[in-house]
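Okay, structure first, notes after.
All values reported here derive from a predicted model rather than from experimental measurement. In what follows, every chain begins at residue 1, and chains take the letters A, B, ... in the order their sequences are listed.
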2 protein chains.
Amino acid sequence: MVRQPQINAQNRAPLSIERIIEAALRIVDGQGLGRLTMRRLGDALEVEAMAIYHHLPRGKEQLLDGLVAHVAAAPAAPASPADAASAAAPAGTLRAWARDYRARLLAHAGVLPLVVTRRNPAALTETVASLREVLRRGGVAEDAAAATAHTLLAYVIGHAALEVRNTDEDGADRAVDWDARFDAGLDQILRAS
Amino acid sequence: MVRQPQINAQNRAPLSIERIIEAALRIVDGQGLGRLTMRRLGDALEVEAMAIYHHLPRGKEQLLDGLVAHVAAAPAAPASPADAASAAAPAGTLRAWARDYRARLLAHAGVLPLVVTRRNPAALTETVASLREVLRRGGVAEDAAAATAHTLLAYVIGHAALEVRNTDEDGADRAVDWDARFDAGLDQILRAS
DNA sequence: ACCTGAACACCGTTCAAGT
DNA sequence: ACCTGAACACCGTTCAAGT
């Protein structure tokens with residue numbers, strides 16, 4: 001009989017960084033960032049809050065870093081450079097990525113304030129690099145690719161921020177079609193690249 | 001002898017919302033948002049923390065709303081529509097405003113996470129409206145003006161966010177010239193409008 | 001009207017102890 | 001190795017009290 005390391009004496013799955021991050025994200029999405037506390041997170045995991053420190057020695061700081069990484073680190077292209085389709089249509093790849101990335105940010109709007117912080121600077125590095133690579137493969141020169149990658153990412157993050165704040169149409173009650181507006185601005189930027 | 005209402009018995013200027021917001025901003029800029037507490041703010045104002053609640057009944061929530069308003073509510077044009085110069089060169093007005101707005105966000109980078117929250121939705125309404133007005137006066141159609149105003153504001157906020165995180169050049173150590181990069185993206189967006 | 005002081009319910013984190 | 005329980009220093013906020 002092989003022992004089962006994933007079940008402990010109390011018949012509970014042991015803690016892991018993945019389970020902790022997922023539970024934290026569930027709290028942030030459901031109740032807001034302000035209600036994410038170590039004690040509440042412990043409750044959600046059916047564990048004392050102090051047990052979390054065994055897996056995240058840097059404590060809450062490390063927890064928030066993990067949330068940023070989980071939400072904002074989405075590459076614009078598969079790691080394999082053998083993907084011929086994306087090389088053929090870089091604008092389409094960028095458009096699809098931008099839509100997905102925006103959807104992710106809006107689905108986890110509570111972590112947006114964390115994305116806009118100095119914390120976990122490595123979280124977006126991969127994303128920016130993959131954007132540059134897609135552009136470069138599409139025939140864009142190195143310097144222009146670097147610039148456009150930042151412009152595009154800035155637009156997507158900033159647009160998500162405006163949507164979350166729901167900045168309305170100058171007081172007129174007519175609602176904004178954010179989906180259409182996002183696509184319009186996105187096309188404007190991709191066209192000008 | 002006229003009594004001086006601005007000096008109380010302890011020879012201290014009385015509290016005011018303006019003085020409170022300024023002191024709070026000084027703490028955020030100098031020590032970071034995480035160190036802005038009601039007690040520390042009280043210390044900076046040489047008052048007990050509880051005195052602040054007399055001026056901000058909604059407490060810390062209202063304090064943070066005030067910080068967002070103070071940093072992010074900057075109109076793109078003077079209130080008077082008689083300013084002929086801005087009507088003549090809307091692109092120049094927008095460019096100058098965008099540069100100033102970016103500088104403000106970076107000067108108070110600690111409040112950026114607050115700007116990206118649902119709090120104080122009215123804080124950006126005036127800004128968006130003035131952007132639309134500048135565009136409309138420049139001959140841009142109503143719908144296009146509304147769309148471009150959001151695209152531009154999204155870009156400026158998102159770019160400031162990237163700068164604060166200092167997302168570097170894909171691991172290569174060569175530093176990014178953020179000023180030049182901001183202007184390049186800005187021109188791209190204004191050209192495409 | 002404006003501010004103080006004590007109190008309350010919470011928070012992140014440390015540390016010794018259990019298994 | 002992994003988790004618990006008590007403890008510590010702090011936090012936002014309420015409330016009765018002072019002037």
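What separates CG of Leu56(A) from C1' of dT13(C) is a distance of 13 Å, to the nearest Å. For the pair Ile52(A) CD1 and dT14(C) C1', the computed distance is 15 Å after rounding to whole Å. In this structure, CE of Met50(A) is placed 9 Å from C1' of dA6(D), rounded to the nearest angstrom. Atom NE2 of His54(A) and atom P of dT4(D) are 12 Å apart (whole Å). Protein atom CG of Asp43(B) is 12 Å distant from nucleotide atom P of dC10(D), rounded to whole Å. Distance Ile20(A) CD1 to dC3(D) P: 8 Å, rounded to the nearest Å. dC3(D) atom P lies 10 Å from atom CG of Leu45(A), rounded to whole Å. Arg58(B) has its CZ atom 10 Å from the P atom of dT13(D), to the nearest Å.
Looking at which nucleotide of DNA chain D each of Glu48(A) and Arg39(A) is closest to, the 5′-most match is held by Glu48(A).
Residue His55(A) places none of its side-chain N or O atoms closer than 4.0 Å to OP1 or OP2 of dA1(D). Considering only side-chain N and O atoms, Arg40(B) lies under 4.0 angstrom from the phosphate OP1 or OP2 of dC11(D).
Among the nucleotides dT14(C), dC3(D), dC11(D), the one closest to the side chain of Tyr53(A) is dT14(C). Considering only the side chain of Val47(A), dT4(D) comes nearest among dT4(C), dT14(C), dT4(D). Of the listed nucleotides (dG12(C), dT4(D), dC3(C)), dG12(C) has the atom at the smallest distance from the side chain of Lys60(A).
Between Trp178(A) and His150(B), the two ring planes are tilted [angle within 30° to 60°].
Arg35(B) comes within 4.0 angstrom of no nucleic acid atom, judged by non-hydrogen atoms across all strands. Across all strands, Met38(B) comes closer than 4.0 Å only to sugar-phosphate atoms, never to a base (heavy-atom distances).
No more than 12 heavy atoms of other residues, nucleotides or ligands lie within 6.0 Å of CZ in Arg136(B), so this atom counts as exposed by the packing criterion.
A 3.5 Å limit on both hydrogen-bonding distances identifies dA6(D) as the Watson-Crick or G-U partner of dT14(C). Base pairing of dA1(D) is made with dT19(C), judged by Watson-Crick or G-U wobble geometry with both donor-acceptor distances under 3.5 Å.
Under the 4.5 Å side-chain contact rule for hydrophobic residues, Ile17(A) and Met50(A) do not share a cluster. Side-chain heavy atoms closer than 4.5 Å link hydrophobic residues (I, L, V, M, F, W, Y) into clusters, and following such links, possibly through other members, connects Val164(B) to Leu153(A).
With a 4.5 Å cut-off on side-chain heavy atoms, Thr117(B) and Arg165(A) do not count as touching.
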